[in-house]
Structure formats: structure tokens, C-alpha cells
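Single-structure report; data block below.
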Amino acid sequence: MQAVEDLNLLLAHLPEEGAGAVHVIAGTAGVGKTSLALHWAHRVGPRFPDGQLYINLRGYDPGAPVTADEALERFLRSLGVATQAVPVGTEEKSSLYRSLMAGRRLLVVLDNAASVTQVRPLLPGGAHTVVLITSRSRLSGLVVRDGARRSTVDVLTEQDAVALVRATTRESRSGDDQAHLSELARLCSYLPLALRIAAERAASRPGMPLAELIQDLRDESALWDALSVDDEDEAGAVRSVFAWSYRALPDYAARLFCLLGLHPTADFSAHAAAALTGTHVDRMRHPLDVLSGAYLLESRGFGRYQFHDLLRAYATDQVRHEVTADDRDAAIQRECAWYLHTAYACALAIAHDTTLLFALDPPPPGVVPLQFPSAMDAARWFEEERTALEAVVASAAHAQSHVLAWQLAAVLERLYASHHYLRDWHSTSLTGLEAARAHGDTLGEALMCESLGRWCRLTMQLDDAATYHDAAVQAHLARGDRLSAAKALNGLGWVHLFGHRLEEAHAQLTLALGITNELGDPYWTATLHYSLGYTCLQLDRPADARPHLSAALDTFRGLGDRLYEALVLTAWSMLERDTGHTQAALATAHEAVEISRQAANHVWEATTLLYLGKAQRAAGLPEEALDSYHRSAVISRQENDTSREAIALEGAGGAYQDLARAEDAVAFHRRAATVHRQLGDDWKLAKSLSNLADALEQADDHDEQDTAGHRREAAALLEAYADPKSLARRSQLLRRLSTEP
């Protein structure tokens, strides 16, 4: 059969084991390119011991295609790169991707590619990697410039097409005339997708003569011929078969098929389908089974379904003609509201910080959001729906459901921040900000500016972060919401803390504390006392830090907020270290770690372990400090928090120095410096370089020029900072440099 011949041709073009290649499978829509590629990948799987990477680039989907940047981010995470360590730019992502692929024997399948531009950044260029690409385009640029081989998948022969129809109808029909079967195959243009749908229609009507079914299809074809503006026989045949099958559906299944055209991605859950229709999910099973049985949907198991891109395009077209604008808007509103309320429940279950969530209005009638029995269930839902969630925000904004758009973006920030999904966070927050502004919604605008400010802070785009937070402050003040303005000022203060602009941080936080004191809000007053206490410690003003931290600790204990109590205890431990009370610092840090463990909050545990390690080093316990730093680094890596992991590595380097294990210290300080450089955190980089130079000096064999070079770079970086600790460290570095040859 044709499919076997195509598969054998691909196998024949497989390069020698261990050699790389790029292969394009081209062919018209519905011809079976994806099925062929996946069969081929399964057959040759053992040739690739390092695994396979697959992505559907959605090049011909009615929605937005997957960009090369998005695809690279997914591949990098699949290759084990922590999300926070994924570079921002496409070129940088592609460079890291190629370096990680070097030497690996992997198969990369790029399905449904639309253009060479979409594909080229995803070519690893390794000597051992094979890339298989499916496309309706011939992608000649890859053949000419990149040396790709190309196979063109043709439609089935008449014999194979008839055999496919017979195989599909074998259990329900017999005795169909060969001529009629040949005519049915011709009307389907010998395309496997159209043939399966048509054959299933015939199988579902075993008592109807095939000639009558064929006449229906001829009539449908004539209608499409009259409406068509092009002469693509294959496209016309596919549309005819889709319409023929669609018109035979029961009304409830036909309406569901149309409404599914409103869903913003090709795959979806039964619960999302229920939200579109305003029906309980239990009543969705049968109509979804009807659509799957007619080959209009593909069941993926576990209550999830998927459209072929041609069928999704047809559903998207049908919903515009078969469903009124009011009903379309209502369906979109229901689905967006379902995603909003379900994402809110998900955030409550798994987000590391839910203090910035806001109250939602009840969902509309007929919308039943999911509730999650466990954090694991919530995490599974979030991963399954990640692509859809971003698309739903865009869908809501496009449908001018502006409030739903910005509210969903604001809820998703808590999830994205917890998992460090920075690209999704940035994209949805920008969409949310545009939606809020389009609606004239100053609350939404303020919250989206704060979200973008936090994103910029984490990506060390600190000037932009300050601009967004300042805009949020002004928007809250314009609304007369001084408490929210104080929260935004707290965020602005932490932007300055991240940039080690300590006096600016102190000024903004003092202003915010004045507001919360006046308003009498205990929680945010305590939060600002903590922020100011931490800032005073960084400014080397322990006497000023003490009353702030004491007030914060008393309030959080009174409120029963154990996690924030633990956070304040880390700063209190730092205060005790700075004032020479090492045993008290050690006991306080142990208490903070124990609280975070009891709360099962891994991110906070990783933070408290850092302070415990510092206290242990101060108390002369470097071996115990190493254990604390190791545990913090492991948790941080699991949580994709690269910055915190680098701080733990830096601490471990110091502990190795305490143990006079200079070579180990050098390795850890060097790794920490590399990460801080990648993240653009100049102050922490300067600290790491300074410590690296000291460790190198302790090593038996060290390059004096290398050591001096690290000190010079650290001193140059610290020139931008005027706080006492930075000035003292820079002065020390300059003294050392002046004594070196």
C-alpha cells in the first residue's frame, strides 16, 4: 500500500547510525503526513538512545502558530534547562539549544511547519541528530541552504483508497459495489482524512445503499464547487466531506462541533467543552463520543480531545455561520469564566504566594469550575492547560471581554511566578494591560502594571520594573485606593533592593509604611516593617532594623501567619549575626527552617536554609553549612529558581573556603558567578567574583593574572553602588589590587 511505500522510502533515506540529517515530509492537507512521521519515529526510536523531541508547530491552524521562540523554550525545558535559566532572546535560546544538542543522539519531530523561518532556529546542527519536518509547503530553502532531503507524500492510489474504505466498513457493511467504492474514493480525492470520515458515515448507515450516500456527497461537492473561489481539488474534496458528515450529525452534536470552533487551541478537555455549551460535563460524554466516532474529533484519553487543523478550521468557519453573534459571545464568556475560576482554584492549591489574589464575582449560570482535591491534581491541570490558558486570555481580549482578560492574566501571574514561566507571564500580562486600558479599568491597569513590574524585576530589567510599579502607584492613587498604592510602593521598594539601590528602596518603603500605619492595616504594616528592616540590614544599620523586624515578628505571630513569621526570622537571624550573637542567630535560623518545613513550602524552605547556612558558617560549623546549602540548591533547582540556586552555590563555596578546600571553593564560586552573569545581577556577580579571587589565591596552582582580573571586574561593577557594604568591599578589592604585581 502507498503508506507502506512512503514509510519504506523514509527508512531508506535514514542516515547511517550516529549521523545527523534533516528530512522534510511534504504533502497536501489531510494526506497523512503526521501519521507517517509518527510511524517512522516509532520504528526508528531505538536508533536514538537520548530520546525524541516532538512539537506541533500549528503552522496551518486557524489560531496563531507556535513561534520558533516558544518552541525553543519548550525544547530547552525538555532538555533539563531550569525555566529561570532559559535566555530571553530567540537567538540566545537557539544557541543554548544547539550547545545542549551537541553530541546527543536525538530525533526531533517538527510537525505542521508553515515556513523555513519558523523551522530554521530549531535545527540543532549536531552530527548525531535527525530532524523530521512535516509541512504542506515544500520548504525549498531547507533543501537548498541546509541540505535537507525531501519526500513528497501523495494521495492514495485508488486501490489503497478502496481498501481503506473496506477496512473501515468491514464490520457493518458488505456487498458494496466496487464501482461505487471507487466513486466514493474519487469524491474524497483519495485523501486518508476525508476517506476515514466518509467511510465512517457509510458504516453508521449499514442499510442505506452506497449509491444514495454517494449522491449526497456529489450534491455537497457541487455546492462547494459553486462557492469555491479556487481550484484546489483536494481542498474542495475535504470541505465537501466535512460538510456532508457535519450535516448528518444530530443537532446536539452539530452545535457542539460549531461551538468548539470558538476554543482557542486545537486540543481541549470535556470540561472546557461543557463550559462552552453551558452544560454539565456528564452530558458532554455522548456528543463528544459521537464526534469522535465520526472522525471529526480525535480522543486523546483522560477526557481530552483534539481537532485536526483542517477540521478545526471548518468548525471555526461553521460557528460564524450557524451560531448567532450573541450566542457566540455568551459561549466565549462562559468558557473564559470557567478558565478564570478554575485557574483561581489552581492558584490557591499550588501557588507559592496567594496574598496578591483578589476576590472574584461568582461564575455565570451553567459554569461549574473545577476544584482540586490535591496540589498534584492542580499541577496536572495547569500543565495540561498551559497553552490554552495563554490563548484564552488573548481570546477574551479579542472578544472584548476585557475584565475577564485582565483578571485571568492577574490570576495566572501567581502560577507563572511560582513555576518561573516567564514567557507566558509576560505575554498574558501585556494582553491583560491592553485589555484593562481598552476598558478604561484603572484597577486592572494597576494590577497588570504591578505584574509586569514584578516580571521585569525577576528578569533584572529594573528601570522598566520601576516604571511599571510607579504607574501602578499612580493608578491606585487616582482611584483613591491608598492601601493598594502602598502595596505597589512595597513592590517598587523591592525593585530598588534587587538593584541594590538601597537609599531609594528605604525612601519608597518608608512612604508606604506611613500609609499603612495611617490606614491601620496590620498585615501590610507588618510586611512593610519586614521590608524596611531587611533594607536597614543591607544598609548596615542594625540598630534601625531591630524595631522594624520586632514589630513585623510580633504582628505575624499575632495573626498566626507562620510563613511570614519564618521570613522575618531569616532577617532576624541576619541581625543577630551582624551584631555578633552567633548562637542566637543559629537558633533563629533553625526555627525558620522548621516552620517552612511544617508548612510544606519548598520555596521558603530553600530561602530559610540559605540563612541557616550563613549562621552555621558564622558559628564555625562549615560542614553543617555545606549540608544546608546543598539542600537549598537541590530545592531551588527543582523549583526552577536559578538565582536562589546560585546563592546556595556561592554559600557552599564559602564553606569550602572555611574548610581550606580551595579547589572545591573555586569550582562553586565560578559556577555561581556564571549564573549571576547570565541573569544580569551585577551586584551578586561582583560578590561572587570577589570570593572567587580569594579562593583562587588559596589554591596551590593559581594564575595571578586571572585572580587580579576577577578583582578588577568586581571593583568595576561595585563602582555603581554607594551603600556601606559595597563601598567597603570595593575598597578592600582596590587595596588588594594595589599590592599585587
Side-chain angles (χ1 to χ4, degrees), residues 70 73-74 77 82-86 264-265 267-269 271-272 275 304 335-360 363 369-397 403-433 435-436 444 447-459 491 563 599-604 606 635-644:
E70 293 173 279
E73 183 173 331
R74 295 185 203 177
R77 284 200 297 266
T83 307
Q84 200 176 41
V86 173
T265 61
D267 71 294
F268 55 89
S269 68
H271 289 279
R304 298 196 68 82
E335 186 179 39
C336 292
W338 179 81
Y339 271 105
L340 170 62
H341 284 267
T342 302
Y344 193 95
C346 182
L348 290 176
I350 64 174
H352 296 315
D353 182 4
T354 59
T355 58
L356 297 175
L357 289 175
F358 48 91
L360 299 178
L370 293 177
Q371 298 298 320
F372 300 102
S374 70
M376 185 178 297
D377 293 310
R380 184 182 302 113
W381 179 84
F382 178 52
E383 287 302 325
E384 287 177 343
E385 295 286 357
R386 259 194 65 207
T387 300
L389 285 163
E390 182 181 7
V392 168
V393 174
S395 175
V403 174
L404 283 171
W406 77 252
Q407 286 187 340
L408 180 54
V411 171
L412 289 175
E413 183 215 344
R414 299 292 82 208
L415 293 166
Y416 295 147
S418 295
H419 292 77
H420 294 277
Y421 289 147
L422 298 182
R423 192 200 60 79
D424 309 63
W425 178 356
H426 191 230
S427 169
T428 53
S429 292
L430 284 174
T431 302
L433 179 58
L447 294 180
M448 287 294 91
C449 281
E450 287 184 76
S451 176
L452 286 163
R454 285 185 284 271
W455 183 90
C456 289
R457 186 187 75 195
L458 285 179
T459 57
L563 277 176
N601 190 306
H602 299 304
V603 170
W604 291 46
I635 294 171
S636 298
R637 175 165 292 190
Q638 291 170 342
E639 296 293 330
N640 294 327
D641 192 334
T642 311
S643 178
R644 188 178 280 108

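Numbers here simply count residues along the sequence, with the first being 1.
Note that the OH atom of Tyr421 and the CZ atom of Phe382 stand 6.0 Å from one another [nearest 0.5 Å]. To the nearest 0.5 Å, the span separating CG on Leu389 from OG on Ser427 amounts to 11.5 Å. Atoms OG1 and NE2, on Thr431 and His426 in that order, are 10.0 Å from each other to the nearest 0.5 Å. Atom CZ of residue Arg386 and atom CZ of residue Arg74 lie 7.5 Å apart, to the nearest 0.5 angstrom.
Closest heavy-atom contact between Ala405 and Ala397: CB-N, 3.8 Å. The minimum heavy-atom distance linking Ser451 with Trp425 is given by the pair OG-NE1, 2.9 Å.
Considering only heavy atoms from C-beta on, Glu70 stays 4.5 Å or farther from Glu73 through its side chain. Looking only at side-chain heavy atoms (C-beta outward), Arg644 and Val603 come within less than 4.5 Å of each other. Side-chain contact between Gln407 and His341 is absent, with no heavy atoms from C-beta onward closer than 4.5 Å. A heavy-atom distance below 4.5 Å is not found between the side chains of Gln638 and His602.
Surrounding CZ of Arg77 are more than 12 heavy atoms belonging to other residues, nucleotides or ligands, all under 6.0 Å away.
The pair Arg457-Glu450 fails the salt-bridge criterion, with no side-chain N (NZ, NE, NH1 or NH2) lying under 4.0 Å from an Asp/Glu carboxylate O.
Remark: Asp377 engages Ser374, Arg380 in a side-chain hydrogen bond (donor to acceptor under 3.5 Å, both in side chains) (not counting sequence neighbours). Legend: residues meeting side chain to side chain contact (heavy atoms under 4.5 Å, CB included) with Ala375, ordered by chain and number and at least two apart, are Ile350.
Although no hydrogens or angles enter the test, the distance criterion places a donor-acceptor pair under 3.5 Å between the side chain of Thr342 and the main chain of Trp338. Although no hydrogens or angles enter the test, the distance criterion places a donor-acceptor pair under 3.5 Å between the side chain of Ser269 and the main chain of Ala272. Side-chain atoms of Thr459 come within 3.5 Å of backbone N or O of Cys456 as a donor-acceptor pair. For the pair Ser418 (side chain) and Arg414 (backbone), a donor-acceptor distance under 3.5 Å is present.
In summary, of the residues considered (Leu370, Leu412, Leu415), a side-chain contact (heavy atoms from CB on, under 4.5 Å) with Cys346 occurs for Leu415 alone. Of the candidates Tyr339, Tyr344, Trp406, Tyr416, Tyr344 is the only one forming a side-chain contact (heavy atoms from CB on, under 4.5 Å) with Val411. Results of the side-chain contact (heavy atoms from CB on, under 4.5 Å) test with Leu433 over Thr428, Leu447, Leu452 single out Leu452 as the only residue that passes.
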Kindly determine whether Trp455 and Glu413 satisfy side chain to side chain contact (heavy atoms under 4.5 Å, CB included), including the steps that lead there.
-> CA-CA 9 Å; Trp455 183 90; Glu413 183 215 344; over 6 Å; no
